[in-house]
Amino acid sequence: MRSTKHLTALLHTVLQELGLPWPEKTTIEPPKDKKFGDLAVNCALLLAKQVGKPPRTLAEEMAKALLGASADIAKAEVAGPGFVNITFTPQFWQANIVRTEEQGDAYGSSTLGKGKKMQVEFVSANPTGPLHVGHGRGAAVGDSMVRILRFSGYETQAEYYLNDAGNQMQTLGLSIWLRVQELVGNSTVPFPETCYQGEYITDIARGMLQENATLPTLPEAEGRQLCYETGLALILDGIKNDLKNFRVHHDVWFSELSLVANGEVERTLNAMKASGHVYEADGALWFRSSALGDDKDRVLRKSDGSLTYFASDIAYHANKYNRGFDAVIDVWGADHHGYIPRMRACIEALGRPAEAFDVILVQLVNLMREGKQVAMSTRAGEFETLEDVLKDVGVDAARFIFLSRKSDSKLDFDLDLVRQRTMDNPVYYVQYAHARVKAVLRRAAEQGIGTQASSSLALLQEEEALDLLRCLDRFPQVVQDAATGCAPHFISYYLMDLAGLLHKYYAVHQVVLAENLEQTAARLRLLQSVAQTVKNGLLLLGVEAPDSM
RNA sequence: GCGCGGUUAGCUCAGUUGGAUAGAGCGUUGCCCUCCGGAGGCAAAGGCCAUAAGUUCGAAUCUUAUACCGCGCACCA
């Protein structure tokens with residue numbers, strides 16, 4: 001980050017001196033192969049046609065000018081078809097340590113999103129049962145995005161949308177009610193397939209009976225209402241508890257019912273009527289979403305007079321923007337992708353720019369045990385709860401695995417592997433890098449050796465040290481890319497790289513050398529900077545950075 | 001049928017705005033413990049980036065077509 005910024009500024013000056021424009025598509029990035037230097041610039045290739053000179057000639061001119069422009073540049077070479085490869089001096093890289101020391105826990109943060117208000121809505125599982133692993137992935141992704149956005153300077157709110165207004169709530173009340181009747185031997189019909197089959201429903205019914213033995217004798221409407229209210233409260237408590245254990249936090253729990261009750265849905269529909277996005281046909285109220293890119297128009301109020309889920313969802317999103325968010329991100333299960341076009345149409349109808357709405361699709365989790373897929377069926381009430389998985393593998397491992405894949409690709413979650421506390425499990429590989437540094441620092445402290453700021457960083461000349469320094473420099477950019485790309489997995493991949501370089505350095509160079517305190521102090525500072533960066537990165541994933549393991 | 005996503009090493013997956021000889025982990029094979037935590041490191045083998053055309057200085061990346069896989073196409077939520 002520091003290196004690319006520095007070179008970008010130098011290149012601007014140099015191009016100006018040479019009388020050349022700055023090509024829009026210029027890239028300044030670390031090349032794949034280290035032998036091409038620290039950073040590669042492609043702009044001679046881009047300018048060649050426009051200027052009418054061979055790319056290599058242009059590149060030569062740039063290289064020469066860059067070399068003279070700053071003492072931080074050790075080499076500027078032309079290679080391949082016309083790349084300019086820049087190598088910085090070791091002193092330049094060593095200064096990264098000072099930067100991480102100064103910034104500490106803030107290293108990697110930025111003001112990228114300064115002044116922007118963002119909202120991330122995630123999990124939002126219907127409160128009709130406990131969370132399962134799929135919800136866990138959405139929870140990890142959403143929570144991590146919130147952390148990354150905040151670290152990048154966005155004012156960010158985490159929200160859970162509670163679907164407490166629909167048919168499913170009716171079904172929940174009925175399911176519990178019928179189980180209550182079963183428990184006291186009143187059932188005359190088999191338990192309906194349309195009701196929730198899970199064992200937790202019977203547990204709730206049993207609990208309610210213990211509290212109130214007269215429950216089954218209540219009139220059905222009253223009994224079902226009571227079952228619904230109590231059931232919802234219990235399930236919600238369970239969900240909140242699961243999320244807390246998973247280190248996932250929501251700032252706001254937003255009730256769908258509240259939107260309907262206070263007339264906000266009606267008001268939003270009226271506003272859309274006024275702007276001509278809505279019409280009546282066949283006794284129903286329709287949203288003309290097909291005019292805004294959707295396949296077909298969508299019903300908002302059914303011919304029986306009741307509202308569709310989509311109607312309250314529109315009101316919900318209108319409400320979000322009215323709360324002042326510049327952009328909202330919804331985290332959805334990938335099976336809802338068909339919902340995106342109508343939602344985009346809705347955003348447009350609300351008069352918001354397309355950039356103000358983003359969806360992160362989270363693919364399903366394929367849970368594996370002993371090499372076989374674990375069957376999951378919500379309808380049959382057979383699913384692996386998040387709670388069970390966390391008990392099995394732990395929060396750190398689960399979060400890291402969820403965040404070490406692109407969200408929009410299927411995830412094989414191998415319980416046997418994720419449970420392992422070995423280096424086959426990437427989370428331990430990364431955490432071990434942190435613990436290892438802390439162990440060395442403890443060891444040094446025992447011998448009375450500290451990390452004096454006065455120590456000479458110029459002693460860090462080894463190739464493995466420079467690799468670490470270059471990697472440290474990438475971190476702020478990685479965080480920003482994760483923020484703008486909605487891609488927490490960039491952080492996990494980065495951390496595995498950094499941890500690998502640390503282990504490599506450690507294997508080659510002994511850090512604590514009693515006979516060379518100056519060298520030792522410099523190396524300790526390098527390691528301390530690495531540990532700090534690992535810790536900052538892990539925090540963005542919601543994973544702990546242990547001092548010992 | 002239409003739409004969305006996917007197809008990269010034996011397996012699981014990265015690959016940013018089109019860049020140089022396509023990467024990592026696991027697995028396989030071979031090596032390194034007088035050493036601060038070996039819970040580690042080094043090396044080798046392993047590829048028609050699904051297929052075919054196109055765009056251009058240059059394509060895993062962009063376009064089009066085809067194949068296969070997954071998902072979605074409600075006056076459900």
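Here is how names work: the chains are called A, B, and so on, in the same order as the sequence lines, proteins then strands, and each is numbered from 1.
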Enquirer: When you measure from the side chain of A:His12 to the backbone of A:Ala9, do you find a donor-acceptor pair of N or O atoms at a distance under 3.5 Å?
Expert: no

Enquirer: Counting N and O atoms only, with roles assigned by atom type, does the side chain of A:Thr484 sit under 3.5 Å from a partner on the main chain of A:Gln480, one being a donor and the other an acceptor?
Expert: yes

Enquirer: Rounding to the closest angstrom, what is the interatomic distance between B:rC62 and B:rA9 at atom C1'?
Expert: 26 Å

Enquirer: Please classify the nucleic acid contact of A:Tyr339 as base, sugar-phosphate, or nothing, using heavy-atom distances under 4.0 Å.
Expert: base

Enquirer: Please state the P separation for the pair B:rU63 and B:rU29 - nearest whole angstrom.
Expert: 43 Å

Enquirer: Checking all strands, does A:Thr27 fall into the base, sugar-phosphate, or nothing category for heavy-atom contacts under 4.0 angstrom?
Expert: base

Enquirer: Classify the nucleic acid contact of A:Asp414 as base, sugar-phosphate or nothing, counting any heavy atom under 4.0 Å across all strands shown.
Expert: nothing

Enquirer: Given the P atoms of B:rG3 and B:rA74, what is the spacing between them in whole Å?
Expert: 16 Å

Enquirer: What distance, rounded to whole Å, do you find between the two P atoms, one in B:rU8 and one in B:rA60?
Expert: 15 Å

Enquirer: What's the gap between B:rC71 and B:rU28 when it is taken at their P atoms, as a whole Å value?
Expert: 33 Å

Enquirer: For nucleotides B:rG46 and B:rA24, find the distance between their C1' atoms and express it as a whole number of Å.
Expert: 14 Å

Enquirer: A:Ala79 near the nucleic acid: base, sugar-phosphate alone, or nothing, with a heavy-atom cut-off under 4.0 Å?
Expert: base

Enquirer: If we ignore hydrogens and angles and just use 3.5 Å, is the side chain of A:Asp297 paired with the main-chain N or O of A:Ser290 as donor and acceptor?
Expert: yes

Enquirer: Is there a side-chain contact between A:His489 and the phosphate of B:rC13, meaning an N or O under 4.0 Å from OP1 or OP2?
Expert: no

Enquirer: Contact class for A:Asp335 vs. all strands (heavy atom < 4.0 Å): base, sugar-phosphate, or nothing?
Expert: sugar-phosphate

Enquirer: Within the structure shown, what part of the strands sits under 4.0 Å from A:Tyr429 by heavy-atom distance: base, sugar-phosphate, or nothing?
Expert: sugar-phosphate

Enquirer: Under 4.0 Å between any heavy atoms, over every strand shown, what does A:Asn425 touch: base, sugar-phosphate, or nothing? Just pick one.
Expert: nothing

Enquirer: In Watson-Crick or G-U wobble terms, both distances under 3.5 Å, what is the partner of B:rA45?
Expert: none

Enquirer: Under 5.5 Å centre to centre and under 30° between planes: does that hold for A:Phe36 and the six-membered base ring of B:rA20?
Expert: yes

Enquirer: Report yes if a donor N or O on one partner sits less than 3.5 Å from an acceptor N or O on the other, where the partners are the side chain of A:Asn85 and the base of B:rA20; otherwise report no.
Expert: yes

Enquirer: Using a 4.0 Å heavy-atom cut-off, does A:His336 contact any base of the nucleic acid, only the sugar-phosphate backbone, or nothing at all?
Expert: base

Enquirer: Can a donor-acceptor pair be found between the side chains of A:Glu159 and A:Tyr316 at a distance below 3.5 Å?
Expert: yes

Enquirer: Taking any heavy-atom pair under 4.0 Å as a contact, classify A:Asp412: base, sugar-phosphate, or nothing.
Expert: sugar-phosphate

Enquirer: Please indicate yes or no: is the ring centre of A:Tyr493 less than 5.5 Å from the centre of the six-membered base ring of B:rA24, with the two planes inclined by under 30 degrees?
Expert: no

Enquirer: Using atom C1' of each nucleotide, how far apart are B:rC32 and B:rG38 to the nearest Å?
Expert: 10 Å

Enquirer: With a non-hydrogen cut-off below 4.0 angstrom, is A:Gln168 in contact with a base, only sugar-phosphate, or nothing?
Expert: sugar-phosphate

Enquirer: Is there a donor N/O on one and an acceptor N/O on the other, under 3.5 Å, for the side chain of A:Ser303 and the base of B:rC75?
Expert: yes

Enquirer: Counting any heavy atom closer than 4.0 Å, what does A:Ser404 reach on the DNA or RNA strands: base, sugar-phosphate only, or nothing?
Expert: nothing

Enquirer: Treating A:Thr308 as the side-chain partner and A:Val299 as the backbone partner, does any N or O pair qualify as donor plus acceptor under 3.5 Å?
Expert: yes

Enquirer: Answer with base, sugar-phosphate or nothing: what part of the nucleic acid does A:Leu45 contact at a heavy-atom distance below 4.0 Å?
Expert: base

Enquirer: Among B:rC76, B:rA74, B:rC36, which nucleotide sits nearest the side chain of A:Val512?
Expert: B:rC36

Enquirer: What is the nucleic acid contact for A:Met496, judged by heavy atoms within less than 4.0 Å: base, sugar-phosphate only, or nothing?
Expert: nothing

Enquirer: Is the base of B:rG3 touched by the side chain of A:His337 through a donor-acceptor pair closer than 3.5 angstrom?
Expert: yes

Enquirer: How many angstroms lie between CD1 in A:Ile360 and CZ in A:Phe122, if you round to the nearest 0.5 Å?
Expert: 10.0 Å

Enquirer: What nucleotide, of B:rG15, B:rU12, B:rG38, holds the atom closest to the side chain of A:Arg405?
Expert: B:rU12

Enquirer: Using a 4.0 Å heavy-atom cut-off across all strands, classify A:Ala444 as base, sugar-phosphate, or nothing.
Expert: nothing

